[in-house]
Amino acid sequence: MLEIKDLTVHYDGAMALNRVSLKVEEGEFVGVVGPNGSGKTTLLRAISGVLMEIEPGKKERPSLSGSIMFNGKGIDKSKAWNITKMGVIHCPERRRPFAEMTTLDNLRMGAYLRKNRSEIKKDLEWVYELFPILKERARQMSQTLSGGEQQMLAIGRALMSKPKLLLIDEPSLGLAPLLKEAVLKVIKEIWRSGVTILLVEQDVAITLASAQRIYILAHGRIATQGTKEELMKSRDVREIYLGL
Amino acid sequence: MIEEILVYGAISGGMYALLALGFTLIYGVSGVVNLAHGSFFMVGTYLFYVFGISGFFSLIPLTLLDPTWGPLAALILAIAFTGVISAALYRIIIHPVLGDEIGVMVVTVSLALIIQQLILMIFGPPNLRINPLVTGSKQIWGLGVTNMRLLAFGVSLILFIVLWIFTNKSKVGNAMRAVSQDREAAMLMGINTERLYMLTMALSAMLAAAAGVFITASITEYAAPWIWLHPLALSFSIVILGGLGSIKGSLLGGFIVGYAEQAVAIGVPEGGSIISIVPFTVMVIVLLLRPKGLFGKRIEMED
Amino acid sequence: MVTTYIRRAYSSFVAHVFDIPARLLAFLLFLTLLFIPFAIQNTYYLRILILANVLAIFAVSWDFLVGRTGQISLGHAIFFGIGGYITALLSSSKFFGLPIFLTIPIAILAACIIALALGIPSLRVKGPYLALVTMSFPLILAALLKWYPLNHIFKGEFGIRGLPALVPRLDWMTIGQQRVGEYYVTLILLFAASVILYKIANSKIGLVFVSILDDELASKACGINVTKYKLMGFMISGLFGALAGCIQTHLLRFANPPMFALTLSFLPVIVTFLGGLGTIYGPIVGAYIYYILDSYVLRDWLPRFLKETVGVTLPPEFDFAKLLIFTLIVLILVIKLPRGIAKFTTDKLGDLEEARDLDERGPRIWKTYKKKEKTTSTGSEPTASS
Amino acid sequence: MKGKIALGLAFATLLFGTLFFALPIEAQNEVTIGIIGPQGLPHWSPAGMKDAAEMARDEINAAGGIDIGGTPHDIVLAFGNEYAVPTPSPTDAYLEAERLITVEGCEILIGGFRTEVTQSIIEAAADYATPLLINGAATNELIGDTVGADYARYKYLYRLNPVNGTSLLYTIAGGIGGYLLNPTAPIPGAGYMIPMFADPTLIGPYGPGQVAVAVITEDLDWTLSIHGALTTPSVYPLLLGPFANVTYSGRIPDGTTDCTPWLTDVISSNARILIHVFSGTTGVPFVAQWRALSVNATLCGINVMAQLQTHWATTGGACEYEAMLNFAGTRTPIVPTITRAFWDSFVARTGVWPIYTAWGAYDAIYALKEAMEDIDSKDKDALLAYFESPSYQRQGLSGIFKYTSLHDVFTNEPGPVWFQGYVRALIAQWTDERMEIVCPKLQTYSKTWALPPWMYPLIQDTNYDQFVGVDDIVFAAEHFGDDPTRDRWEHVCDTTKDDYIGIDDIVDIASHFGATP
């Protein structure tokens, strides 16, 4: 479904990603783990196209080479909104809800590209089912929500776009351990409903617990990859990258 | 005296608010400080002149059907053309420097000067007459107010309400609000920000053109190549005192400036001579108390 | 003794100027400017260069404020006008009648203090807010100068007139000699202003400015007194802006409200972008291009050329096209060449220089460089990929 | 390396080369005159100085040029922009004047319209000791602070047109005090304001029963002395006469577009005469708003924009009944032999009416021609001596022209009569797309000063004596059969507004026989 080959990203001389290659098959749940600054967020931003959507006059423009294919179509040159249209939905780091809109409006913005009202309504019910707290907070300004609620809102908003491939960036950031697990549980549930998921996480344990296949990203390169079992076999990987 | 301040202040305040609305809209959505805003005011007025009053394009024959049609058609055409022109100019000139604050200001200032010189070359410096759309006057609290001003006041309030509903209820309006709050997240929702910016620019310029036609037809009754400067100065001081990017702020700011101008004109000795500094003074005072203006709290774009 | 001295001077010249194309170009330009009065017979052409010098001082001061400290000002005419009016009031025989070598320093120091006061908003607001707030300052002042109750001081839009000339014309002088004097005075002031600003920009203070420009919060965290430096930026810039205003006032021999005109606030902006923002030399090149293009090529040469060779007489209304042409050039440059003409040229020259350096350092270094380049471009294979 | 040096040198030579420009060779048998003015404005062209100067040049050159010492000299004109629009730029004005003098080789400059830039031009001309004839700017100080203060430097500076600010003030005062508010004027038909609009509650230095007057001036320097004189209680009775009582005064900043607040104050001050003094664009909306609000006061004053032929169109006809200072009416034969000939050939040449800058430029070139022929020289010092000689005077387009000791225009007789014939300002009133001279009186072309009908609805009272009687019928009958093309056309007699004074007008007047306001 998603195939990345030799993706290299430079930020004003500094290399953020170095020849990264990665593959996600339809229906898979793939995790990418790596420490801070290893280029995880850059990877997702490159896939969803926002990386290159820096305003033209801005000084620090990244440069990108390599190829990103989605369902056999190259999307590395596409605009972010066209990539969204294809069904690649990026749930960004730090949630980023529209702060001065209500929760409901935020969810509605998720369905911006969709026309069919009854389906939208069905999906809204589904999101409420997944995150009942959002229904309670529907009329509240999203900036007044707590961190966990905002994360739920962000995932819910992404779901409203009817994703084929859902890119989730650090859903556990700044959440209490209990909440982390709850969020991950919902993500798994979404995956089970048929959405392909590419999860980027710093928290190795929860990623190992949920993802089918895991890539380890270090210093902008893919250090290694494999299923949980494969990775746990290698002592080096365990100690150096996973810290287990 | 107090009646004068209230009546005349309200009428000019309403028109000022309309003028400032476009300026605040384009900044709020795309972060562009459009120093050519006054130029679109002027372009709208000149197009109204071209379509409505003189020359080859004149739509005066329409008035044979009904006397109100000619000016009305000219008004709509002028506003529409300004929108198209501004969208094209945005794409060619402003888009390549978007995100570079100083660059945007330089290109828009250049654009303003270019438009001024073009109009000087095409129409020459002398004033062109812009007839009021309606004639006659009414008495309000014993003060004479021309009907044209009442019409302009009414139209600005209506446009304000329409825009308010548009941004809060319509899909495109929601997209505008979303982009103004978080450009990148909005993009991830599938909003085509490039097209949205262009649309906002057109909308902003159309509001400026509408303000141009109504203000010139009701107050000055003439168009000249330098009528961009005063509207620009007015709109930016109103917008800054109300808070850049805030629609509410521009409405309130417009009325504050309208009342303050009248109060100074009437209350200060020789106050009429320093009317032009009233908007700036109010702006500076407000800024010293509240650095982001009355309602300015636009969320910074990610860097 | 003398020969060794000359030899040493020569070798140092070769080492520091001759070998570096950008500096060589600057040196040649400076020489050209120094000797130009001997080549020009016509006072009008000299006058163009004098005005270019004044505009260059003004634009350099703007460039320093915006390009180095990142505080956008669209109302720089305020310093120009304040400097002009203060020196006018002090030197006018109707008020104080002081000599200009006293009034100009007083005026620029006073403008410095006023810049301090005007800088206060810059501490509260930034970005577009600051730009638009500063834009309103000269408009406020121009209106106040014309305000009726203040008329007995400022003489309304008529201004203060009958001021002493920058270079007094003595009995034996012709107008041409006076112009040459004015030219050298303005050139020296321009040279001094740009050297001082260049030194400041490249000193420790300049480094602090750049750090504030890059990240204000981080600078604050590093213990930099951001307030102090921001105000300092305003004051230094205001000082040189006022200097330009003083020179202009004594060149024209009167000060009037058009000194605060908005076009005068925009002109340094446009000129700086033409030459290159944040470079100090960019605005100078821009100012010269502006005046030569506007006052020589379009006002004088082109109509004459067309009349004599083509036989076409341009209508006087062609004047309106001049600003249009100039602004159009700037607009295209800002979009296509955001660095500006001068910056672009020196960057190109800098590229040349680098290549040559490697050439001269010998084949060994060159080879290792090539190798290094190769390795960085190839990179190492990722350890794992599916 | 060598290539780079060559490049540098080439660049340097190029720079030298572009600036090193051979001067035009001083042409023999030519007199080069520079015209510098507000390019783009009507004061420049086609209604103003450029076309008038070209017309004078063509006429003189066709007739053999200027005869100096037996050799004919052709007039060559060079044109320059004074950079007054859109914003005045003194620096550019100076440069332009300098260019005309040094590059174009002009021996004499004519021009200067906006005060801010005219002072630049004055400095440039003084630097080069080139004669400058100001044509357009009225500020007193332009002459007073220069020729009066530093004669050695500014002695080649003259004013040509218009008369200075003080004289303009005297003319308005003469028109209002000597005619409108003068019940005992020696002129037939004068003095109709007093009984109609005198306000018994207004008590001034001369007792009750005065007429309220409002003064609104543009907030510019040249209006300062006018404003001061018209509003100082100890001064204005001397100017406006004992029956004027200034109840309101205001100043409107240059460039204002909304004059309603001031006009509202005028209305509440109960003024019946509104003196307006404008030189800028504000004059247009001011008049339009005066009409829109039907301000119950008749306009009389200075409005430079109102002198333009286009004023009627730009105000949408709202300027009807506006009276203002002017140097010409519409095709008015001020000096019977020459004025109308000039007017007609100018209109034939350009298609528009000439305004005062045109009169000035045309007059100036002829004056220079005559002077040069008289002294057989084009030397500026000889010209100076010639113009300064007490006996110098010439018949200009608008009267007898003569210099004061300060090189200003000599003028006399500001009141409602004009016996001596020296150049003076006239008062013209807009009526039906034409300007008519309403003051001075007793000239062949003088017309009745009409009051706005919303002030004085009894339009059948054509001579404003507050009674429709036989005299009105006789007045109309005297003008029977006239239409606006006739010199003797009287606008007030056409009560039916059909551009013809016929039996219908007389019937209309007769049907109101005996009516009083």
Side-chain angles (χ1 to χ4, degrees), chain C residues 18-19 21 24-25 27-29 31-33 35-36 39-49 51 54 143 146-148 151 155-159 161-162 165 169 175 178 248 251-254 256-259 261-264 292 294-297 299-301 304 316-317 319-320 352 356, chain D residues 1 4-5 7-9 11-12 15-24 39-40 44-45 50 79-81 83 85-92 94-96 98-99 101-103 115-117 119-120 122-123 126-129 139 141-142 145-146 149-150 219-222 224 227 251 253-254:
Chain C
F18 197 71
D19 255 14
L24 183 66
L25 191 68
F27 181 72
L28 282 176
L29 272 177
L31 274 190
T32 317
L33 290 180
F35 290 110
I36 248 174
I40 296 180
Q41 302 297 317
N42 193 318
T43 45
Y44 172 67
Y45 302 137
L46 211 49
R47 178 78 175 191
I48 293 174
L49 299 183
L51 290 174
V54 179
K146 291 191 208 169
W147 194 29
Y148 184 47
N151 198 281
K155 308 282 178 217
E157 100 283 3
F158 208 57
R161 43 183 303 165
R169 186 157 154 202
I175 181 83
Q178 189 191 11
Q248 171 98 312
L251 279 178
L252 284 178
R253 303 180 64 168
F254 59 79
N256 63 4
M259 295 187 84
L262 213 52
T263 32
L264 239 133
I292 291 174
D294 174 88
S295 301
Y296 173 66
V297 177
R299 200 186 288 198
D300 183 33
W301 177 82
R304 189 185 296 277
E317 280 69 19
D319 269 346
F320 296 133
L352 263 176
R356 197 171 55 85
Chain D
M1 196 66 240
K4 244 166 268 155
I5 298 169
L7 190 88
L9 286 176
F11 191 76
L15 206 67
F16 271 104
T18 51
L19 293 160
F20 186 45
F21 196 95
L23 286 178
Q39 223 155 77
W44 168 253
S45 176
K50 175 173 178 276
F79 298 103
N81 186 356
Y83 292 92
V85 285
T87 41
S89 168
T91 328
D92 280 320
Y94 189 105
L95 259 182
E96 190 75 350
E98 192 164 5
R99 183 180 73 82
I101 295 167
T102 65
V103 182
T115 306
E116 287 101 320
V117 289
Q119 38 182 332
S120 255
I122 289 175
E123 296 298 334
D127 273 347
Y128 289 91
T139 317
E141 286 86 347
L142 282 179
D145 276 2
T146 51
D150 188 353
D219 198 4
L220 287 180
D221 221 66
W222 71 275
L224 271 186
H227 187 89
R251 298 178 64 81
D254 182 22

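Treat the numbers as computed from the prediction; the structure is a model and nothing was measured.
Between Ser89(D) and Thr263(C) there is no side-chain heavy-atom pair separated by less than 4.5 Å. The side-chain heavy atoms of Asn42(C) and Glu98(D), taken from C-beta on, include no pair separated by under 4.5 Å. At a threshold of 4.5 Å between non-hydrogen side-chain atoms, the residues Tyr94(D) and Leu251(C) do not count as touching.
Of the atoms belonging to Leu252(C), heavy atoms from both backbone and side chain fall under 4.5 Å from chain D. For chain C, no part of Asp150(D) is nearby; none of its heavy atoms comes within less than 4.5 Å. Contact of Gln119(D) with chain C is made through backbone and side chain together, with heavy-atom distances under 4.5 Å. Contact of Ser295(C) with chain D is made through the side chain alone, with heavy-atom distances under 4.5 Å.
Residues Arg169(C) and Asp127(D) come closest through the heavy atom pair NH1-O, 2.8 Å. Between Pro88(D) and Pro258(C), the closest heavy-atom pair is O-CB, 3.5 Å.
Under the side chain to side chain contact (heavy atoms under 4.5 Å, CB included) criterion, Lys155(C) pairs with no residue, sequence neighbours left out. Remark: Glu96(D) pairs with Arg299(C), Arg99(D) by the side-chain hydrogen bond (donor to acceptor under 3.5 Å, both in side chains) rule, at least two apart or across chains.
Interatomic distance, CG of Asn256(C) versus CD of Glu116(D), reported as 6.0 Å (0.5 Å rounding). From Phe254(C), atom CZ reaches atom CG of Asp145(D) across 12.5 Å, with rounding to the nearest 0.5 Å. Atom OG1 of Thr43(C) and atom CD1 of Ile101(D) lie 8.5 Å apart (nearest 0.5 Å).
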Go through it in stages, so that I can follow the logic: the residues are Thr87(D) and Leu262(C), the test is side-chain contact (heavy atoms from CB on, under 4.5 Å), and I'd like the CA-CA distance, side-chain angles, deciding distance and then a yes or no. CA-CA 9 Å; Thr87(D) 41; Leu262(C) 213 52; over 6 Å; no
One pair to check against side-chain contact (heavy atoms from CB on, under 4.5 Å): Thr102(D) and Tyr45(C). What are the steps and the verdict? CA-CA 9 Å; Thr102(D) 65; Tyr45(C) 302 137; over 6 Å; no
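Ranked by non-hydrogen atom pairs under 4.5 Å with chain C, the options Asn81(D), Thr115(D), Leu95(D) are led by Leu95(D).
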